[in-house]
Number of protein chains: 2
Amino acid sequence: MNEPKSSKRQGRVTIREVAEDAGVSVAAVSKVLRDAYGVSDTLRDKVRASMGKLNYRPLASARGLRGRTYTLGLIFPDLRNPFFGDVFAGVNTALERTQYQVMQGIGTTIGALAEAMIDRQMDGILLVGPNEAPAYLSELALRKPIVAIGHHDDLTPMPFDTVNNDDQLGARLVVRHLIANGHRKIAMLSLLQEPSTVVRQRELGYRLEMMDQGLGANINVGRATQVARDVQLSVKRMLESADRPDAIFCWTDLMAFEAISVVTEMGLSIPDDVAIVGYDNTMYCDFAQNRLTSVDQSGELLGLQAARLLIERIEGRTEAEHFVVTPRIVARASSRKRG
Amino acid sequence: MNEPKSSKRQGRVTIREVAEDAGVSVAAVSKVLRDAYGVSDTLRDKVRASMGKLNYRPLASARGLRGRTYTLGLIFPDLRNPFFGDVFAGVNTALERTQYQVMQGIGTTIGALAEAMIDRQMDGILLVGPNEAPAYLSELALRKPIVAIGHHDDLTPMPFDTVNNDDQLGARLVVRHLIANGHRKIAMLSLLQEPSTVVRQRELGYRLEMMDQGLGANINVGRATQVARDVQLSVKRMLESADRPDAIFCWTDLMAFEAISVVTEMGLSIPDDVAIVGYDNTMYCDFAQNRLTSVDQSGELLGLQAARLLIERIEGRTEAEHFVVTPRIVARASSRKRG
DNA sequence: CTGAAAGCGCTTACAG
DNA sequence: CTGAAAGCGCTTACAG
């Protein structure tokens with residue numbers, strides 16, 4: 001390996017130059033930077049003027065060595081699910097008037113990403129739909145402030161903040177909606193690998209509501225990985241079975257769009273042959289080729305709230321908070337009344 | 001603001017502890033860490049053993065203060081276009097066996113994101129489809145290694161690396177394909193705001209090929225922002241105009257899916273009333289409800305190559321390289337032969 | 001309210 | 001090949 005170019009930081013203004021320009025100490029500039037207490041208005045103005053004049057920008061990694069980097073990590077599992085775009089929009093809104101900047105890490109290896117973020121001195125980490133064991137998350141929370149978006153408590157409340165929609169209720173709403181529209185043989189398409197607590201809550205809600213409605217005998221849960229081909233096979237298997245469901249509740253919109261594809265391919269019609277319902281109410285639901293009924297869990301609100309909670313934690317709060325949004329069903333043609 | 005918790009780095013193993021454990025100097029550990037030259041096998045083995053035993057992880061921000069952070073920034077404009085997922089997958093593949101980690105910044109304010117990444121000591125930055133002025137990018141390249149994915153040269157070759165598909169050719173392929181399938185009144189739906197060089201190249205290819213094919217009189221370019229409602233209005237306007245096009249080439253799949261929605265909503269059929277073609281060949285093209293003909297520009301390959309070039313740059317290469325992929329058309333039902 | 005000094009965890013010349 | 005010392009750009013107690 002060659003040496004890094006020495007010109008790399010060439011021209012970068014440091015806190016020392018600001019101090020010289022303003023005729024104050026380095027420590028004084030640092031205080032102004034952090035809005036720390038004990039600075040006179042005169043000094044602050046002088047320093048601010050110099051910072052502006054020299055176009056000073058603090059180096060986050062240097063700050064991080066002693067204090068904060070003002071950087072938050074946001075980890076989500078993949079780039080193809082538009083729901084994460086909603087969450088991200090909310091996070092950005094929360095950070096608008098703050099010094100904090102968010103950096104994304106994307107992938108299902110939450111652990112590795114979280115460690116990389118800790119190595120990079122992120123002040124806190126937002127995790128979307130983590131499928132890691134609660135024990136790992138609890139241990140992680142000991143080392144760094146974290147907020148989980150889409151992670152339900154096991155038995156005991158988690159020692160870290162969580163932000164959720166009521167997934168169990170969301171699933172119940174779907175079942176009720178489908179029944180109200182004349183469907184009885186309601187199947188659910190769920191996730192096969194490493195189901196997160198979110199998946200499990202949705203499954204539970206589906207099962208409980210089916211039983212409450214006296215349709216326990218019709219409970220039918222299929223499972224597929226996120227891989228397109230696997231989803232296709234699962235949907236096909238469901239639709240070709242002896243007692244074909246007249247409605248499929250997919251645990252996420254992304255799977256529902258694939259289900260729509262399979263149903264269309266098979267020459268069946270939606271919703272007359274089979275109704276489809278998703279979860280997340282992403283922008284693609286509105287497309288006329290989908291018209292997908294879905295559950296809105298306010299991704300943007302979840303992201304906004306999560307970022308706020310994380311900053312509170314970084315700035316000192318010690319007891320965990322748990323924020324829950326009530327989901328609502330958004331009906332579209334994919335689940336219209338039968339007959 | 002409260003003080004950050006002093007327990008924050010509690011328990012973090014430092015290079016000094018590794019040195020003590022291995023019975024060598026701190027400098028020696030640093031050399032092993034960087035695979036630097038001039039370390040005996042014995043010393044290296046001892047140090048590696050201690051690092052493993054103590055579960056040592058270097059602190060990126062401390063490294064960055066003098067050397068590298070082994071962190072690359074990846075900036076892309078939004079989270080809703082699945083094409084970026086392909087690019088990202090390629091970047092990840094390139095980084096697999098390296099020490100580098102990638103962090104994403106998402107948004108259209110490239111400048112602000114790039115500055116935030118420089119403040120955070122990223123070793124280099126990957127920019128996807130930047131719509132910033134070439135002058136800004138050139139100035140940025142002076143301060144930090146960058147690679148632009150989807151950015152064509154203006155007049156003079158850019159002083160930074162670029163990775164592209166041949167967008168002009170891609171657009172030409174679309175026009176040829178549509179003509180071969182019996183379409184003549186081929187319109188293009190392009191981007192209204194701040195068109196990037198990519199958009200312009202696709203427009204240029206479209207215009208040139210239409211003229212080459214003797215269809216110059218049929219050139220018809222509509223423009224819309226990325227906002228869904230605006231795309232809908234533009235498509236509607238096109239389809240309701242006196243000389244309705246019999247095919248619409250959308251500059252990106254995302255817009256094409258919206259076009260399919262509008263056409264479906266209007267009760268027209270695809271491709272008999274109007275053919276639709278997109279660009280990017282994202283996974284949604286395969287869905288039976290879309291069956292979208294599209295241009296494949298190998299997003300994964302672009303991402304892979306871009307990451308490789310960036311690392312080369314960071315490690316010393318000084319002359320700019322420009323990598324170009326030849327696009328290919330992937331025909332699906334949305335552009336089937338007329339009549 | 002203001003500042004001099006120490007230190008965060010690394011890397012970098014420079015001696016040996 | 002190996003190591004002691006200086007230093008990267010900040011923040012943090014601690015004096016004054």
Side-chain angles (χ1 to χ4, degrees), chain A residues 1-20 22-47 51 54 56-71 99 118-121 123, chain B residues 1-20 22-47 51 54 56-71 99 118-121 123:
Chain A
M1 289 194 200
N2 302 323
E3 303 304 327
K5 285 179 288 183
S6 65
S7 64
K8 200 166 80 179
R9 221 142 39 221
Q10 188 189 48
R12 178 140 200 143
V13 178
T14 69
I15 199 175
R16 150 166 281 143
E17 296 170 58
V18 174
E20 277 167 15
V24 300
S25 75
V26 162
V29 177
S30 172
K31 278 187 187 153
V32 173
L33 211 54
R34 287 173 289 127
D35 265 322
Y37 122 107
V39 201
S40 69
D41 289 356
T42 332
L43 188 144
R44 191 186 358 260
D45 290 349
K46 269 195 301 187
V47 171
M51 294 197 312
L54 302 175
Y56 169 72
R57 296 181 63 97
L59 196 65
S61 41
R63 306 183 81 174
L65 227 40
R66 298 287 298 200
R68 300 191 197 141
T69 56
Y70 295 92
T71 311
Q99 284 200 69
I118 290 179
D119 294 344
R120 280 156 187 81
Q121 298 278 90
D123 295 333
Chain B
M1 289 194 202
N2 301 325
E3 304 303 328
K5 287 179 290 184
S6 65
S7 64
K8 200 165 80 179
R9 219 141 41 221
Q10 188 189 46
R12 180 141 198 141
V13 178
T14 69
I15 199 174
R16 150 166 281 143
E17 296 170 59
V18 174
E20 277 166 16
V24 300
S25 75
V26 162
V29 178
S30 172
K31 278 187 186 151
V32 173
L33 210 56
R34 286 171 291 126
D35 265 322
Y37 121 107
V39 201
S40 69
D41 289 356
T42 332
L43 187 143
R44 192 188 355 261
D45 291 348
K46 269 196 298 187
V47 171
M51 294 198 310
L54 301 175
Y56 169 72
R57 295 182 63 98
L59 195 66
S61 41
R63 306 183 81 172
L65 226 40
R66 298 286 299 199
R68 300 190 199 142
T69 57
Y70 295 92
T71 312
Q99 286 200 66
I118 290 179
D119 294 344
R120 281 156 186 80
Q121 298 278 90
D123 295 332

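Sequence lines set the chain letters: A, B, ... in the order given, protein chains first and strands last, and positions in each chain run from 1.
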Between Arg12(B) and Pro58(B) the two heavy atoms that sit nearest each other are NH2-O, 3.6 Å
Please identify each residue that fulfils side-chain contact (heavy atoms from CB on, under 4.5 Å) with Glu17(B), with sequence neighbours left out. Val13(B), Thr14(B)
Scan Thr14(B) against the nucleic acid and name what it touches under 4.0 Å (heavy atoms): base, sugar-phosphate only, or nothing. sugar-phosphate
Expressed as a whole number of angstroms, how long is the span from Leu65(B):CG to dA6(D):P? 18 Å
On a heavy-atom basis, the closest approach of Tyr70(A) and Arg120(B) is O-NH2, 3.1 Å
What integer distance in Å separates Ile118(B):CD1 from dG9(D):P? 15 Å
How close do Ser61(A) and Gln121(B) get, counting heavy atoms only, and between which atoms? OG-CG, 2.7 Å
Length of the line joining Arg57(B):CZ and dG9(C):P, which is rounded to integer Å: 16 Å
Atom-pair distance (CG on Leu33(A); P on dT11(D)), nearest Å: 5 Å
Return the polar atom pairs (N/O with N/O) between nucleotides 1-4 of chain D and the protein under 3.5 Å, or none.
from	atom 1	to	atom 2	distance (Å)
dT2(D)	OP1	Ser40(B)	OG	3.0
dT2(D)	OP2	Ser40(B)	N	3.0
dT2(D)	OP2	Ser40(B)	OG	2.9
dG3(D)	OP2	Ser25(B)	N	3.1
dG3(D)	OP2	Ser25(B)	OG	3.4
dG3(D)	O6	Lys31(B)	NZ	3.2

Figure out the CD/P separation between Gln121(A) and dC10(D), and round it to whole Å. 15 Å
Qualifying residues under salt bridge (charged side-chain N to carboxylate O under 4.0 Å, His left out), relative to Arg44(B), sequence neighbours excluded: Asp41(B)
Minimum heavy-atom distance Lys46(B)-Ala22(B), with the two atoms named: CD-O, 3.8 Å
note: Arg68(B), atom CZ; dC8(D), atom C1'; distance rounded to Å ~ 16 Å
With a 4.0 Å limit, can you tell me whether Tyr56(A) has a side-chain N or O closer than that to the phosphate oxygens OP1/OP2 of dC10(D)? yes
CZ of Arg63(B) versus P of dT11(C): gap in Å, rounded? 5 Å
Closest contact, heavy atoms only, Tyr56(B) versus Ile15(B): CE1-N, 3.6 Å
Is the distance from OP1 or OP2 of dT12(C) to the nearest side-chain N or O of Arg34(B) less than 4.0 Å? yes
5'-to-3' dot-bracket of DNA chain C (Watson-Crick, G-U; under 3.5 angstrom; crossing pairs as [ ]; | other strand): |||.||||||||.|||
Calculate the interatomic distance between Leu59(B) atom CG and dG7(C) atom P; express it in whole Å. 18 Å
Which side-chain N or O atoms in residues 25-33 of chain B pair as donor and acceptor under 3.5 Å with protein atoms at least two apart or in another chain?
from	atom 1	to	atom 2	distance (Å)
Ser25(B)	OG	Ala27(B)	N	3.4
Ser25(B)	OG	Ala28(B)	N	3.1
Ser30(B)	OG	Arg34(B)	NE	3.1
Ser30(B)	OG	Arg34(B)	NH2	3.0

For Arg57(B), the side-chain hydrogen bond (donor to acceptor under 3.5 Å, both in side chains) test, sequence neighbours excluded, returns Asp119(A)
